[in-house]
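Below is one structure, written out as structure tokens; comments come after it.
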Amino acid sequence: MFKYLFAKNEEIPPGTAAVYFGFSSILWFVIGTGLGSFNAAKLAFPDFVTGYEYFSFGHMRQVHVMAVIFGWISMAFAMAMMYITPALGNTRLWSEKLGIWNCFLWNAGLSLGLTLLWMGMTSGREYSDFPWFIDLVVLFGVILPLGINVWMTIMKRRTQGIYTTNWFFGSAVFMVWIVLLVGNLPEYFQLTGLTEAYLTWWFAHNVLGLWITPVAAAIAYYTVPKVTGNPLYSHRIGHLHFWSVVVFYSTPAAHHLMSSPLPEWLKSFASVEGVLILVPAIAFVSNLLLTMTGKWRFFVDNVEIKFTITGVLMAIPLNMQGGFQQTRAINWYIHGTGWIVAHAHLALLGFSTFLEAAAVYYGLQTIMRRKLYSLTLANFHFWFLLIGFTIYWVSMTIAGLIQGAAKIYEVPYIDTVIAEHPYMIARWVGGTMVFTGNLVWLYNMWMTARAGTAIPAGRLPHELAYER
Amino acid sequence: MAFREYKIGARLFGVALGLSMMITLYMPSLNIVEVGSTEMGLRKGLQYGRIGGFSVEDPFLKGEGKPLTVILKQDPRSGEQIEPVYAYVYKSGIPFTSAIRHPRIMGKGVEDLSLDTGRIGEATEKAGAVFVVSEGRWQGKKIHYIENATATRGWTPDVIMNSVTDADVRYIGAGKIMFVKEGCWWCHTLLPEETQDWQVFGAPPRLGDFNSESPTALGSDRKAPDLLHIGSRNSSREWMMMHFFNPRLVQPHSIMPRFDYLWGPADAQGNTIDYDKWRAEYNEYTAGKRIYPPDVPEPAANSEARKLIDFVLNLK
């Protein structure tokens, strides 16, 4: 990487930034899920690694969350943007050099930020845990360069129209920049009280709603037509998806604080808007599943489609939960329980991760012109992710329902802890399976770079047969 | 952009996002600024100091640059007995809490009384100041406001600190930092919910209970009891001490981590704490080879454990 930082833009091979982002994201995924597994072990066995400040749960928990959000998910997004945006514009990335710098600053900034978080230097605000100077690095060293590259590539495209994926990419980078700017105002200006509490969750909601969800969906809008050869079922439904994300997903932030003394009108409004999240969700899922018409064999044969469609299918329970669990009728029961933890992992580890994994699989093969090293290992990765995640989700959902019941009947809290214990162990097993799968993925992708069969000019990766 | 549709779309996008920001940011802010701070809100702000997460005065979250809370049982100047009062002591250079820096955030009546009767405008960080919470009337209603006791009663930080012993001092501001740094709020919420929780965890916070507090650290993922009123349910310093050192000493099924490392190298008597020996003896105890667990050392006056215990016991 370092030799390209000061090279001329023209001398950097196209796709270099995407490759660096791709491998960085996998590495952060391994680190993030490893931390997750470690944390889960501590919840199941509290005296596992005890007596060290830096290995206590309270120091590690946020490192796991930030590593997977800003390391794995967001870097996989950057990777996807670096190769999909130019591909859809029939052009090259606007500046490969900016992309390389972006990747460098991102890795350096995130490593620094996570180290500080680990040491305990936190803002004390969930999802915006980084101290404010790291937030500034994220704003100007991470998101802004990415945005400039994406926007300029779209502007300089050599096609007439802009494809659905690129609307989402271009607008989501813009929106997340605004969200990072506004959501961290309490840290820049020392805002306090309900303003701070509300802005914390305004940020947390919107970073998911205006960044992770739409970009993941946009990736699927590319992967499925590209690999299956079917055109997208409907651009008009794509429009419905896009506009309903902007309008409905940007407004329900207050539903994360239904039990706090925020204005009642705000909570009711957020709750109604929260149900309307089903509009983009249904538009997205139906559009993608209908695009698969006649090509369902890819769901079995092809790694990328297997990941993508599994992610799309997970969007169904995800949004059914998301739409309704935040209404007052249900929220009072499950708020603050493991149910929400399960839901958050369904969004990030289920729905979103599977879509991004497909993009990273496909993108790295395309750019490096190397066929995937091993289908067997990829299938191992897929099933370990899926089964591990399912164990996690089921056990945490059950734990959440137990906590909910215990909360309503106000049983002594320790009885909840005792009742949850088996599910905490199951959660650790599931999380460890995900971690193991990711280690195999890293090996598989590394071997693809080293020993994958070269893809002949004019061919696409999925047109070649798997060899192992 | 080539197509007219894209121009229209880009503008509509701006309108849609702007409208959503207006509804979710601007309109709630109109309600929030009207909130008058309650007594609890004033006390929280005063005892926690300026900001509770990462800050310039306390970059490594050691609890520096925070005010001290002192329980006064006698007037520090005259020495005569008074009703016990909490005094919030900001020594010279300690940044004031947001309520003093921006009195507006306390809400209309509280702001007026604090400025006019409480004379908080006269306090300076350079000289330091002592604040108390007093009761007054505004538009016929009984409300609480902040009084700058340095101006009104001549209680300077030095006068106060010379009149009390360490037993009367509570490191609540620094303790909040420990609460944030050690991630207590990842499991313990500070938000009893409105729909239940009244019986065990107590009343949910009211509207004005937060003004001037940051981070609020309400918590989102409750894996342990709510702590907003823990000091009312359990006021035993001894219990807290054992529970922080090793939660399994007082609650065998607890999944809370041990926070023994907050004790630091030495205990209250200055003796070096031998953690390995303690753990070995504790393991013998859990294995049934000892009848009693080893004694928990008393935390030193300046230890992080003491600060955290001060904070937790003060959550009433």
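It should be emphasised that the depicted structure is a prediction, and the values quoted were computed from it without experimental measurement. Atom set for the values below is all heavy atoms of this structure, side chains included, hydrogens, waters and symmetry mates excluded. Throughout, protein chains are lettered first and strands after them, A, B, ... in sequence-line order, and every chain is numbered starting at 1.
For the pair A:Ser259 (side chain) and B:Glu194 (backbone), a donor-acceptor distance under 3.5 Å is present. Under the 3.5 Å distance criterion, the side-chain polar atoms of B:Tyr261 are left unmatched by any main-chain donor or acceptor of A:Tyr54. The backbone N or O of B:Ser212 lies less than 3.5 Å from a partner atom in the side chain of A:Thr192, making a donor-acceptor pair. In this structure, A:Tyr413 contributes its side chain and B:Asp226 its backbone to no donor-acceptor pair below 3.5 Å.
Looking at A:Ser171, the atoms closer than 4.5 Å to chain B (heavy atoms on both sides) sit in the backbone and in the side chain alike. Only the side chain of B:Gln251 comes within contact range of chain A, with heavy atoms under 4.5 Å apart. Interface remark: B:Cys187 contributes side-chain atoms only to the contact with chain A (heavy atom separation under 4.5 Å). Interface residue A:Ala197: backbone and side-chain heavy atoms are both found under 4.5 Å from chain B. Residue A:Ile178 touches chain B through its side chain alone, counting heavy-atom pairs closer than 4.5 Å. In this structure, chain B has a heavy atom under 4.5 Å from the side chain of A:Phe174, while its backbone stays farther away. With a 4.5 angstrom heavy-atom cutoff, A:Lys156 does not touch chain B via any of its atoms. For B:Ile23, the parts lying under 4.5 angstrom from a heavy atom of chain A are both the backbone and the side chain. Neither the backbone nor the side chain of A:His421 comes within contact range of chain B; no heavy atom of the residue lies under 4.5 Å from a heavy atom of that chain. In this structure, chain B has no heavy atom under 4.5 Å from any part of A:Glu273. Using a 4.5 Å cut-off between heavy atoms, A:Phe45 makes no contact with chain B at all. For a residue to count as touching a neighbouring chain, one of its non-hydrogen atoms must lie under 4.5 Å from one of that chain's; by this rule A:Phe269 touches chain B with the side chain only. Contact of A:Phe242 with chain B is made through the side chain alone, with heavy-atom distances under 4.5 Å. In this structure, chain B has no heavy atom under 4.5 Å from any part of A:Ile340. In this structure, the portion of A:Asp129 lying under 4.5 Å from any heavy atom of chain B is its side chain and not its backbone.
Note that the CG atom of B:Asp58 and the CE atom of A:Met121 stand 9.5 Å from one another [nearest 0.5 Å].
A pairwise comparison of heavy atoms in B:Ala16 and A:Val246 identifies CB-CG1, 3.9 Å as the closest pair. Here the closest non-hydrogen pair linking A:Gln160 and B:Tyr6 is O-CE1, 4.3 Å. Of all heavy-atom pairs spanning A:Glu410 and B:Trp198, the tightest one is OE2-N, 3.6 Å. Nearest heavy atom pair, residue B:Pro205 against residue A:Pro261, reads O-CG, 3.7 Å. Residue A:Asp47 comes nearest to B:Arg248 through the heavy atom pair OD1-NH2, 2.6 Å, listed as atom of the first residue, atom of the second, then distance. Across all non-hydrogen atoms, the minimal contact from A:Pro263 to B:Asn31 is CG-CB, 3.7 Å.
Other residues, nucleotides and ligands place no more than 12 heavy atoms under 6.0 Å from the CH2 atom of A:Trp428. Taking a 6.0 Å sphere around CH2 of A:Trp132, one finds it holds 12 or fewer heavy atoms contributed by other residues, nucleotides or ligands.
A salt bridge does not link B:Asp197 with A:Lys407: none of the charged nitrogens is closer than 4.0 Å to a carboxylate oxygen. Residues B:Lys181 and A:Glu53 are paired through a salt bridge, judged by an N-O separation under 4.0 Å between the basic side chain and the carboxylate. With respect to A:Arg61 and B:Asp221, a salt bridge is recorded, a charged nitrogen being found less than 4.0 Å from a carboxylate O.
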Between B:Thr216 and A:Glu196, does a side chain to side chain donor-acceptor pair (under 3.5 Å) hold up when you go through it step by step? CA-CA 7 Å; B:Thr216 41; A:Glu196 186 272 334; 2.5 Å; yes
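Taking non-hydrogen atoms and a 4.5 Å limit, the residue list of residues 37-48 of chain B in contact with chain A is empty.
For A:Phe133 and B:Phe54, the ring centers are positioned less than 6.0 Å apart.
Looking only at side-chain heavy atoms (C-beta outward), A:Trp202 and B:Met21 come within less than 4.5 Å of each other.
Between B:Arg222 and A:Gln403, the side chains place no donor N or O within less than 3.5 Å of an acceptor N or O (distance only, hydrogens not considered). With no hydrogens or angles considered, a side-chain donor-acceptor pair links B:Trp186 and A:Gln62 at under 3.5 Å.
Checked against B:Ile32 for a side chain to side chain contact (heavy atoms under 4.5 Å, CB included), the options A:Leu266, A:Thr195, A:Leu191 give a single hit: A:Thr195.
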